[in-house]
Amino acid sequence: MTSHVSALVVGGGISGLVCAYALRKAGVDAQLIEASPRPGGVINSVTRDGYLLELGPQSFSSTPELSRLCVDLGIADQLLPAPHHAPRYVLIDGQLRPVPLSPPAFFMSSLINGPTKWALLRDIFGKSIPPDDDESVAAFIRRKFSPQLLDRLVGPFVSGIYAGDPERLSVRSSFPQLYEAEKAAGSIVRGMLRLAKAKKSPRERPVLQSFREGNETLVRVLANKLGSALLTETRAADIARQNDSTFDIRLEGRDGAESVSARSLILATPTDVTGKLLSRLDSSFESPFASIDYAAVAVVSLGYRKQDVGHSLNGFGFLVPRSAGLRVLGSVWNSSLFPGRAPEGHALLTSFVGGTTDPVAAELQPNELAALVHREISTLLSMKKDPAFSNVTIWPRALPQYNLGHGNRMSAIAKLCSRFPGLSLTGNYLRGPAIGSCIDQALVVAEQVRNHLAS
Ligand SMILES: Cc1cc2nc3c(=O)[nH]c(=O)nc-3n(C[C@H](O)[C@H](O)[C@H](O)COP(=O)(O)OP(=O)(O)OC[C@H]3O[C@@H](n4cnc5c(N)ncnc54)[C@H](O)[C@@H]3O)c2cc1C
């Protein structure tokens, strides 16, 4: 039996949920299907033994669209901002040192050597032009600043966002504002200031935040609003284009297989699934999607009695340069950022292991990962006892990598998509992996779909 909808959204992570919600709010008959029993994709908050755990993202940065969405959904009052001045640390020479977060702090910091500070002045007062070829983040930082800046600050920062390798990530695709700033002004600092001034909307400083009951609040409320328009445990197994330009999508669900026909098809699925589905329309889709690498990441949450932790844990957490020789990429001190993350008298710390520079780490057993993290962080934070609690989540395909050539791959995909009016893509491999970027993009796509359906 075939049913009909105006728009079918495939994949109920944050990208698909927001896209389907925006479409329905605009009066479009949209249906969202999600393969797993719960919506939310990698956003997953779980309570265990009195700890509120984030199994995927730990927090998110505000964007104007995200803030508006929270107001619209009636959950703005449940947002919790992280303490604004919480220091972030980086591990240098065996010590956790505060990261300089302002230009004066940068120039005063002993983390950064003289040549790097001179290079920053050269950027402010001089002029450089980015090469025509796609340039890696590492090459970009070495060309503009110094290997030390790459090792001590940029590399750890990059692994905090992408769990990626700066030698392989494309600066143009992964940090487009930096590339655009240099291209427009010959200087990152002047270019960024120019871009900020050119923005018409009032400048809003991004705030790091979560919800009182965890990141999943956003998912839960979106799913509630969608009601029966969201079908879980239902996966898109095949797609075809009909002569009347509609899409025919074969679904496999709890009750067996069925077909849906839709004028608009929005794929909000990871690239392996998207590539496979689209290759049924045109085999040329296969190669650009197959070339997008993912980082595997293990998320290790450990709970300690506060009296067993020598460090004050006053701060956001810390990042680890690869040159430090640890396998932990970084650690977030959840209970220092948001209330209600650990039982009274306890602290919750979440660490990340793996990424593209250590792909085999995510193949370790959960107990091995918990032991490894405790061993590596216990000396840094003066732990006196073993953790009282542990939880390990392994994401074999955690984060898409915007590696060299990503821009060309995206152009090839966009060109192929243009042959199929009514087909749209949204997701974390397109305009940035952050939750805020996924939401911004899903809203743009919903608007395009509305226009297509109105034409
Ligand atoms: C460990 C980790 C830490 C992170 N940390 C942060 C952070 O601190 N801050 C931040 O902003 N972001 C962070 N991110 C990134 C951010 O969470 C993600 O990029 C974002 O949530 C991805 O959302 P999505 O909807 O695009 O994809 P996903 O969440 O991957 O959702 C895709 C959905 O498609 C479904 N699906 C797959 N195949 C099918 C099919 N055939 N039919 C139907 N459905 C299908 C899947 O089940 C899944 O639910 C982190 C991510 C990870 C993994």
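All residue numbers refer to positions in the sequence shown, counting from 1. One-based numbering, in listed order, for ligands and for the atoms of each.
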>> Please check whether Ile435 reaches ligand 1 - meaning an N/O of the residue sits under 3.5 Å from an N/O of the ligand, judged on distance alone.
In response: yes
>> Does the plane of the ring in Phe211 sit parallel, tilted or perpendicular to the ring in Phe60? Use 30° and 60° as the thresholds.
In response: tilted
>> With a 4.5 Å cut-off on side-chain heavy atoms, are Arg152 and Val90 touching?
In response: no
>> For a 4.5 angstrom cut-off between non-hydrogen side-chain atoms, does Pro270 reach Tyr294?
In response: yes
Identity and distance of the protein heavy atom lying nearest [atom]:
| atom | value |
| --- | --- |
| atom 49 (O) of ligand 1 | Glu34 OE1, 2.7 Å |
| atom 15 (C) of ligand 1 | Pro433 O, 3.3 Å |
| atom 27 (O) of ligand 1 | Asn428 ND2, 4.4 Å |
| atom 5 (N) of ligand 1 | Pro57 CA, 3.3 Å |

> Is there a donor-acceptor contact under 3.5 Å linking the side chains of Glu54 and Asn334?
Replying inline: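 Their side chains do not contain a donor-acceptor pair, so the 3.5 Å distance test is not met.
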>> What I want to check is whether the side chains of Thr2 and Ser261 have a donor and an acceptor closer together than 3.5 Å.
In response: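 Result is no, nothing qualifies.
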Should one rank [options] by closest heavy-atom distance to [atom], which comes out on top?
| atom | options | answer |
| --- | --- | --- |
| atom 32 (C) of ligand 1 | Ala268, Gly11, Gly427 | Ala268 |
| atom 43 (C) of ligand 1 | Ala35, Gly16, Gly41, Ser210 | Ala35 |
| atom 26 (O) of ligand 1 | Ser15, Gly12, Gly13 | Ser15 |

> Numbering the atoms of ligand 1 from 1, which are under 4.0 Å from a heavy atom of Val299?
Replying inline: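 Checking each atom against Val299, I get 1 (C).
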> Under 4.0 angstrom from ligand 1, any heavy atom of Thr393?
Replying inline: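 Heavy atoms of Thr393 never come under 4.0 Å of ligand 1.
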> With sequence neighbours left out, what residues match Ser67 under side chain to side chain contact (heavy atoms under 4.5 Å, CB included)?
Replying inline: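 Ser67: side chain to side chain contact (heavy atoms under 4.5 Å, CB included) contacts with Ser62, Glu204.
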